Amino acid sequence: MEEHTTGNFIQNIIDEDRAAGRCPDGIHTRFPPEPNGYLHIGHAKSICLNFGLAERNGGLCNLRFDDTNPTKEDTEYVDSIQADIRWLGFSWKKHMFYASDYFDKLYAYAQALIAKGLAYVDDLSAEEIRTHRGTLTEPGKDSPYRTRSVTENLDLFARMKAGEFVDGEKVLRAKIDMASPNLVMRDTVIYRIAHTHHHRTGGAWCIYPMYDFAHPLSDAIEGITHSICTLEFEEHRPFYDWLLESLGFDANTRPHQIEFARLNLTNTVTSKRKLRQLVEEHYVSGWDDPRMPTISGLRRRGYTAAAIRRFCEEIGVAKANSLVDIAMLEHCVRDDLNENADRVMAVLRPVKVVITNYPEDKEEWLLADNNPTRGGHRFLPFSRELYIEQEDFMEEPPAKYFRLKPGGEVRLKHAYIIKCEEVVKDAAGRVAELRCTADLDSKTGGATAGRKIKGTIHWVAAKRALPAEVRLYDCLFETDENGNVPDDFLAALNRNSLETIENAWIEPSVRLTAAGKSYQFLRMGYFVVDPDTRPDHLVFNRVVGLRDSWAKAKK
Ligand code: ATP
Ligand code: MG
């Protein structure tokens with residue numbers, strides 16, 4: 001694959017910082033999810049980046065839950081986030097924290113700001129605050145409460161905490177500059193009242209810090225050296241710097257924010273809000289639906305952690321937003337499975353074949369190789385009745401059709417050359433059975449094994465084959481010609497994104513398989529065992545097809 005980035009600009013910044021002696025205690029990054037949804041492929045990029053930089057530079061990476069918005073958060077998300085990061089192959093060791101661990105400290109920092117005359121309690125409503133804020137071209141207006149004394153502010157803030165006011169009645173705001181060209185600097189709200197149960201602190205608090213207040217302070221409290229975030233936070237940086245400076249954090253050692261472009265993928269959405277809507281309104285079966293771009297969805301789909309890490313490495317880290325072709329992610333998955341998945345034979349849409357010159361009671365076990373790079377062998381049963389793929393037979397084939405046709409010959413992979421002698425139809429005129437003869441000297445080692453036959457097809461022996469349900473997936477959304485999903489993403493849902501095949505047949509070697517194990521079904525693609533599998537009911541998901549549009553496009 002082509003190189004997409006030359007190095008990583010964040011690594012260059014780290015190198016400079018170290019050379020200048022700015023990180024005497026080493027590099028310290030963090031991954032700071034809000035536990036209000038499951039992680040998706042965009043988060044994987046941030047995880048690989050933050051944990052990867054820490055690993056590469058002998059530093060540490062914290063996992064910190066930015067849990068300052070109790071109405072949207074839940075422990076289900078806290079648990080799934082940890083499971084997904086571990087599955088991706090990263091460890092925070094003992095460094096797992098919650099912004100809610102710091103609620104007392106954050107409250108004290110807010111008091112300190114008030115004491116310095118740098119924050120005030122405002123009685124304006126949310127709507128009034130918005131209209132007072134001004135626009136990009138017009139300065140904002142001071143709130144009439146902006147000039148409250150320190151004493152009054154301290155008292156009111158304490159009473160906010162004590163629960164004397166209802167939601168929305170008052171807020172605490174930073175006192176900066178209502179005429180600043182940067183809207184974030186126009187007296188950002190830093191505390192709000194919310195009489196809401198928090199999944200960790202329970203009923204202890206009825207005021208909660210805003211993200212813009214809690215996030216940079218949490219970083220500072222944890223000694224984060226490089227606060228890496230996505231581009232939309234660029235204009236928040238002056239506020240973060242103002243806040244830390246106002247509270248006396250040493251400019252040399254306090255966290256420095258570095259922004260990078262978020263990952264956008266073609267054919268899918270990576271907005272938690274939208275993903276949540278898909279789940280809650282039952283457009284998909286859950287957060288781990290194999291069509292979802294969530295880590296849990298990709299895992300169930302059969303994408304491997306190694307492939308996702310490799311993808312994140314390949315796309316690199318950029319300063320400008322762009323759209324990455326999902327074919328590139330599929331390419332990484334295919335590459336990994338090509339090397340690691342065992343080959344087996346499965347017939348998804350069967351048609352029966354009877355080998356008329358093969359004795360009814362005979363059965364033999366033929367040797368077959370499992371994987372061209374990793375080796376290994378298994379035995380395949382062969383007997384008189386087989387299944388082949390419907391599309392591997394044509395009654396009236398076009399020229400250059402090298403599969404089975406009336407009077408024609410084809411090689412059965414790992415077995416004999418067969419010839420189609422007779423086509424049996426059902427009452428509706430559909431092909432019910434193909435009666436064939438086998439060249440019984442043509443299996444490996446036989447006298448006619450080397451006979452030149454243009455087509456080779458896969459098959460399974462009917463008597464021993466295992467029935468299976470196979471789920472085939474397509475993109476969840478229809479897109480424009482560039483792969484963008486329209487804003488009205490629900491209207492763009494692809495109605496044919498899931499096709500379920502109830503009656504596929506698989507060779508018996510997969511009998512003792514377990515959820516998560518992947519195979520290449522010869523000629524049909526890569527498949528993984530779904531967790532819905534039961535001992536008497538195999539369920540497979542197609543991971544990806546065999547054709548690689550990305551690799552081809554790069555040639
Ligand atoms: P929200 O809209 O809920 O804030 P979010 O996607 O920002 O959604 P967070 O839980 O705040 O979700 O994200 C955790 C971290 O993952 C943040 O540092 C964020 O910058 C990063 N991140 C989120 N989405 C992407 C993406 N598409 N590409 C790269 N990084 C991302
Ligand atoms: Mg966020």
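All figures in this text were calculated on a predicted structure; none of them were measured in a lab. Every number for a ligand or one of its atoms is a count from 1 in the order of the listing.
Applying the side-chain hydrogen bond (donor to acceptor under 3.5 Å, both in side chains) rule to Lys45 yields no partners; only residues at least two apart in sequence or on another chain are considered.
Pairs passing the salt bridge (Lys or Arg N to Asp or Glu O under 4.0 Å) check and including a residue from residues 80-95, sequence neighbours excluded, read Asp84-Arg299.
In terms of polar-atom proximity, defined here as any N/O pair under 3.5 Å, Glu34 does make such a contact with ligand 1. Between Glu232 and ligand 1, a contact under 3.5 Å exists for no N or O pair. Between Pro33 and ligand 1, no N or O atom pair is found at a separation short of 3.5 Å.
The closest side-chain donor-acceptor pair between Asp530 and Asn541 falls under 3.5 angstrom.
Across all non-hydrogen atoms, the minimal contact from Val528 to Arg300 is CG1-O, 3.5 Å.
Of all atoms in ligand 1, listed by their number and element, those nearer than 4.0 Å to a heavy atom of Thr230 are 20 (O), 29 (C), 30 (N), 31 (C). Interface of Asn36 with ligand 1, defined as ligand atoms under 4.0 Å from a residue heavy atom, comprises 3 (O). Of all atoms in ligand 1, listed by their number and element, those nearer than 4.0 Å to a heavy atom of His40 are 24 (N). Here is the list of ligand 1 atoms found below 4.0 Å of a heavy atom in Ser46: 16 (O), 21 (C), 30 (N).
Summarising the local packing, CZ of Arg547 is surrounded by 12 or fewer heavy atoms from other residues, nucleotides or ligands at distances under 6.0 Å. The environment of CD in Glu245 is sparse: at most 12 heavy-atom neighbours from other residues, nucleotides or ligands sit within 6.0 Å.
At a threshold of 4.0 Å, the pair Asp101-Arg200 counts as salt-bridged, since one of the basic side-chain nitrogens sits closer than that to a carboxylate oxygen.
Looking at Met210 and His215, their side chains never come closer than 4.5 Å, going by heavy atoms from C-beta outward.
Ligand 1 has at least one atom lying under 4.0 Å from a heavy atom of Phe31.
Contacts between Arg262 and ligand 1 below 4.0 angstrom, taking non-hydrogen atoms only, involve backbone and side chain alike. The proximity of Phe260 to ligand 1, defined as any non-hydrogen pair under 4.0 Å, is limited to the side chain. The proximity of Ile41 to ligand 1, defined as any non-hydrogen pair under 4.0 Å, does not occur for either the backbone or the side chain. Residue-level proximity to ligand 1 for Arg273 is absent, since no heavy atom of it falls below 4.0 angstrom. Residue-level proximity to ligand 1 for Ser271 is absent, since no heavy atom of it falls below 4.0 angstrom.
Relative orientation of the Tyr107 and Phe157 rings is parallel, given thresholds of 30° and 60° on the angle between their planes.
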